[in-house]
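Everything quoted here is computed from the prediction, not taken from an experiment. Both counts, for ligands and for their atoms, begin at 1 and track the order of listing.
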Amino acid sequence: MKDRIEIIQGDITHQTVDAIVNAANSALLGGGGVDGAIHKAAGPELLAKCRTLYGCETGYAKITEGYKLPAKYIIHTVGPIWRGGNQNEAILLGNAYRNSLQLAVDNNIKTIAFPSISTGVYRYPVDKASEVALSEISRFLANNRSIKKVTIVCFDSTTFETYNQTYKKLF
Ligand code: ADP
């Protein structure tokens with residue numbers, strides 16, 4: 001499984017993959033961080049479509065087209081806000097990764113790129129989030145052959161280094 005996971009540093013809006021994942025908020029109406037970057041790059045048709053989706057609960061995922069992005073689809077998921085670690089955060093973050101991957105499989109998506117969900121404005125510590133992300137993704141891939149490549153796109157170098165350290169630790 002680990003050979004189908006790749007960690008890179010970059011901008012997720014530039015990725016040429018079947019689907020990119022958006023770390024959205026529950027309204028699905030755009031925001032800051034990666035959500036803002038994706039809406040800006042995809043164009044106004046994305047917001048128009050998102051208005052018809054009536055939001056998304058934490059840990060779940062919804063799919064749209066990619067519009068002006070190189071990616072064909074956008075999977076919008078909502079990670080948990082970090083509230084100290086005893087408020088089901090790890091379960092909810094795992095759910096966000098797993099439900100995004102399941103939606104990808106359901107839509108015949110073979111290559112998918114994730115940002116570091118919840119570690120920006122939602123303040124989930126990157127070391128803990130990277131453990132949830134990598135273990136959930138590898139568990140999913142172990143049980144599913146249809147996804148060929150999962151790319152984790154880290155925006156900044158500290159996030160990139162932390163995911164690489166966790167990858168070495170786990171695999
Ligand atoms: P959340 O609300 O889930 O914490 P954020 O967008 O605030 O979401 O942050 C999640 C991660 O996405 C952070 O590591 C942030 O630096 C990163 N990020 C911001 N812009 C981009 C981008 N264009 N491509 C990839 N990652 C990005």
Practice problem: Please confirm whether the backbone N or O of D18 pairs with a side-chain atom of T111, one donor and one acceptor, at under 3.5 Å? | Solution: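 Side chain of T111 to backbone of D18: a pair is present.
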Quiz item: What residue among N95, I63, I117 forms side chain to side chain contact (heavy atoms under 4.5 Å, CB included) with T77?
Solution: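 The option that passes is I117.
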Self-check item: I112: which of V17, V105, I147, I137 passes side chain to side chain contact (heavy atoms under 4.5 Å, CB included)
Solution: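 Output: one option passes, namely I147.
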Going by distance only, is there an N or O of [X] that falls short of 3.5 Å from an N or O of ligand 1?
{"X": "Y122", "value": "yes"}
{"X": "I12", "value": "yes"}
{"X": "A23", "value": "no"}

Just to confirm my output: which protein heavy-atom neighbour is closest to [atom], and how far is it?
{"atom": "atom 3 (O) of ligand 1", "answer": "S118 N, 2.9 Å"}
{"atom": "atom 17 (C) of ligand 1", "answer": "F155 CB, 3.8 Å"}
{"atom": "atom 14 (O) of ligand 1", "answer": "T119 OG1, 3.5 Å"}
{"atom": "atom 23 (N) of ligand 1", "answer": "D11 OD1, 2.9 Å"}
{"atom": "atom 10 (C) of ligand 1", "answer": "S116 O, 3.2 Å"}
{"atom": "atom 4 (O) of ligand 1", "answer": "G120 N, 2.8 Å"}
{"atom": "atom 19 (C) of ligand 1", "answer": "V34 N, 3.5 Å"}

Quiz item: Between Y163 and Y167, is the gap from one ring center to the other below 6.0 Å?
Solution: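 Between Y167 and Y163, which both carry aromatic rings, the centre distance is not below 6.0 Å.
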Quiz item: Do the two ring centres, one from Y97 and one from F140, sit under 6.0 Å apart?
Solution: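 So the answer is no for these two rings.
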Exercise. Just jot down the side chain to side chain contact (heavy atoms under 4.5 Å, CB included) partners of A37, sequence neighbours excluded, or say none.
Key: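 Residues passing side chain to side chain contact (heavy atoms under 4.5 Å, CB included) with A37: T13.
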Practice problem: Check whether any side-chain heavy atom of I75 sits under 4.5 Å from a side-chain heavy atom of N22, and report yes or no. | Solution: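 Answer no - side chains too far apart.
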Self-check item: Subset of ligand 1 atoms that lie under 4.0 Å from at least one heavy atom of G33
Solution: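 It comes down to these atoms of ligand 1: 6 (O), 19 (C), 20 (N).
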Quiz item: Going by the order shown, which atoms of ligand 1 are within less than 4.0 Å of some heavy atom of A37?
Solution: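 So the atoms of ligand 1 that pass are 23 (N).
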Quiz prompt | Among T162, V121, V126, closest by any non-hydrogen atom to atom 7 (O) of ligand 1 | solution =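 That would be V121.
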Quiz item: Residues in salt bridge (Lys or Arg N to Asp or Glu O under 4.0 Å) with K49, at least two apart?
Solution: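 Once residues adjacent in sequence are excluded, K49 has no partner under the salt bridge (Lys or Arg N to Asp or Glu O under 4.0 Å) criterion.
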Self-check item: Carboxylate-amine/guanidinium proximity below 4.0 Å for K128 and E131
Solution: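 Not counted as a salt bridge, because no side-chain N and carboxylate O are separated by less than 4.0 Å.
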